[in-house]
Amino acid sequence: MTITEATQVQNELREKVRIQPIDYPVNIIAGADISFNKFSTTVYAGIILLSFPDLKPLGYSLIKKEVHFPYVPGYLAFREVPALLDAWEQLPVKPDVLVVDGHGIAHPRRMGIAAHFGVVADTPALGCAKKVLCGKYEEPGLTKGSFTPLIHKEEIIGAALRTRDKVKPVFVSPGNKIDLQGAMSIINQCVGKYRIPEPTRQAHNAVNEFRKGNLEAGFTTLS
DNA sequence: GCGACAG
DNA sequence: ATCTTGTCGC
């Protein structure tokens, strides 16, 4: 697939994105992440299920897959979504909201990985990224919970959120079937002791252990 | 044309 | 993102 074709796919998927309030109780959330070897085409994907709002790990889905699409800013989904979908299909129950490591609509064409995955899997998803892809924002207050809007072309596409005092902010944006307020609410309730929210952090940890051979592929229920 | 650029 | 050592701060 060429970049031109990928762009066309994004423009088509874009019309299926739904930005709307969450109008049901959220009892289970999930975090998704990918890990890979710099000189290999093998990627390790994982999704961890957490109870909400108590954030207790319920289980994790791990999968290994070959990828050939390179990392290109603005096209991250084409590299990571296939593996994440495999991990997604292994889940015995789907989460009420999925937290993806990357942007939702805070993207040049409003189709970041969280929006892309959300549409393809037809599920509520939000993006929580560590860096900006596009848009500008003013530095939020230095205290935990402070946030400012992330703006691109006169449009509010997300928010810069300080998850802890005096740490760099993370960037939250809706992906699909959720709105910015809902995404901010979820992330605010997912912040534990670290800058990175628990769903993303725990997914990252699980995937790394998997890559090191300390965890097995498939779904594992935690007791 | 120039700079910026999720993971 | 990954690799990688020491180092600064709470």
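Heavy-atom basis, side chains included; hydrogens, waters and symmetry copies ignored. All of these numbers come straight from a predicted model, not from anything done at the bench. A, B, ... follow the sequence lines: proteins, then strands. Residue 1 opens every chain.
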Asks: Just to be sure I understand the rule, does A:Y75 reach a base, reach only the sugar-phosphate, or reach nothing, if contact means heavy atoms closer than 4.0 Å?
Replies: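 If one applies the 4.0 Å heavy-atom cut-off, A:Y75 turns out to touch a base.
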Asks: Between A:Y137 and A:F171, is the ring centre distance below 6.0 Å?
Replies: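 Close enough - the centres of the two rings lie under 6.0 Å apart.
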Asks: Charged N to carboxylate O under 4.0 angstrom, A:K16 versus A:D122?
Replies: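 Salt bridge: no.
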Asks: Round to a whole Å and report the spacing from CZ of A:R164 to P of C:dC10.
Replies: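 These atoms are roughly 12 Å apart.
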Asks: Between A:I113 (CD1) and C:dA1 (C1'), how many Å, whole number?
Replies: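 Interatomic distance, CD1 of A:I113 to C1' of C:dA1: 12 Å.
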Asks: A:I196 has an atom CD1; how far is it from atom P of B:dG7, in whole Å?
Replies: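 The distance from CD1 of A:I196 to P of B:dG7 comes to 8 Å, rounded to the nearest Å.
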Asks: Would you find more than 12 non-hydrogen atoms of other residues, nucleotides or ligands less than 6.0 Å from A:E5 atom CD?
Replies: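 Atom CD in A:E5 is packed in, count exceeds 12.
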Asks: Would you kindly give the OH-to-C1' distance between A:Y71 and B:dC5, to the nearest whole Å?
Replies: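 Nearest whole value for this atom pair: 6 Å.
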Asks: Choose from C:dA1, C:dT2, B:dC5 the nucleotide whose nearest atom is closest to any side-chain atom of A:P73.
Replies: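 Among the listed nucleotides, the one closest to the side chain of A:P73 is B:dC5.
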Asks: Give the rounded distance in Å between these two atoms: CG of A:N205 and C1' of C:dA1.
Replies: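 Between C1' of C:dA1 and CG of A:N205: 15 Å.
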Asks: How do A:H204 and A:K166 order along DNA chain C: which one's closest nucleotide is nearer the 5' end?
Replies: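 Here A:H204 is the residue nearer the 5' end.
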Asks: Determine: side-chain N/O of A:S35 to OP1/OP2 of C:dT2, distance under 4.0 Å, yes or no.
Replies: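 Yes, because at least one side-chain N or O of A:S35 sits under 4.0 Å from OP1 or OP2 of C:dT2.
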Asks: What's A:G127 touching, base or sugar-phosphate or nothing? Going by heavy atoms closer than 4.0 Å.
Replies: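 Nothing, no nucleic acid heavy atom in range.
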Asks: Taking atom P of B:dG7 as reference, at what distance in whole Å does atom CZ of A:F69 sit?
Replies: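 In whole Å, B:dG7 P lies 17 Å from A:F69 CZ.
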Asks: Hey, is the main chain of A:P199 close enough, under 3.5 Å, to the side chain of A:Q202 for a donor-acceptor pair?
Replies: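 Such a contact is absent between A:Q202 side chain and A:P199 backbone.
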Asks: Quick one about A:S51 and A:D54 (side-chain donor to acceptor, distance below 3.5 Å, no hydrogens or angles considered), yes or no?
Replies: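 Side chains of A:D54 and A:S51: pair found under 3.5 Å.
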Asks: Identify which nucleotide among B:dG7, C:dT2, B:dC5 has an atom closest to any side-chain atom of A:K131, counting heavy atoms from C-beta outward.
Replies: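 Within the option list, the nearest is B:dG7.
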Asks: Could you tell me how far apart A:F171 (CZ) and B:dA6 (P) are, to the nearest whole angstrom?
Replies: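 Rounded to the whole Å, the gap is 11 Å.
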Asks: If the cut-off is 4.0 Å, is A:K130 near the phosphate of B:dA6, judged by side-chain N/O to OP1 or OP2?
Replies: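 It does not, given that no N or O in the side chain of A:K130 lies less than 4.0 Å from OP1 or OP2 of B:dA6.
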Asks: Any donor and acceptor pair, going by atom type alone, linking the side chain of A:R162 with main-chain N or O of A:G141 inside 3.5 Å?
Replies: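 Side chain of A:R162 to backbone of A:G141, a donor-acceptor pair under 3.5 Å: yes, one is there.
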Asks: C:dT2 C1' sits how many Å from A:R79 CZ, rounded?
Replies: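 Roughly 11 Å, once rounded to whole Å.
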Asks: Considering only nitrogen or oxygen atoms on both sides, find all protein atoms under 3.5 Å from nucleotides 3-5 of chain C and state each distance.
Replies:
residue: C:dC3; atom: OP2; partner: A:R211; partner atom: NH2; Å: 3.4

Asks: When you look at CD of A:E66, are more than 12 heavy atoms from neighbouring residues, nucleotides or ligands closer to it than 6.0 Å?
Replies: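 Above 12, so yes.
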Asks: Is there a side-chain polar atom (N or O) of A:K136 under 4.0 Å from OP1 or OP2 of B:dA4?
Replies: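 No, no such contact exists.
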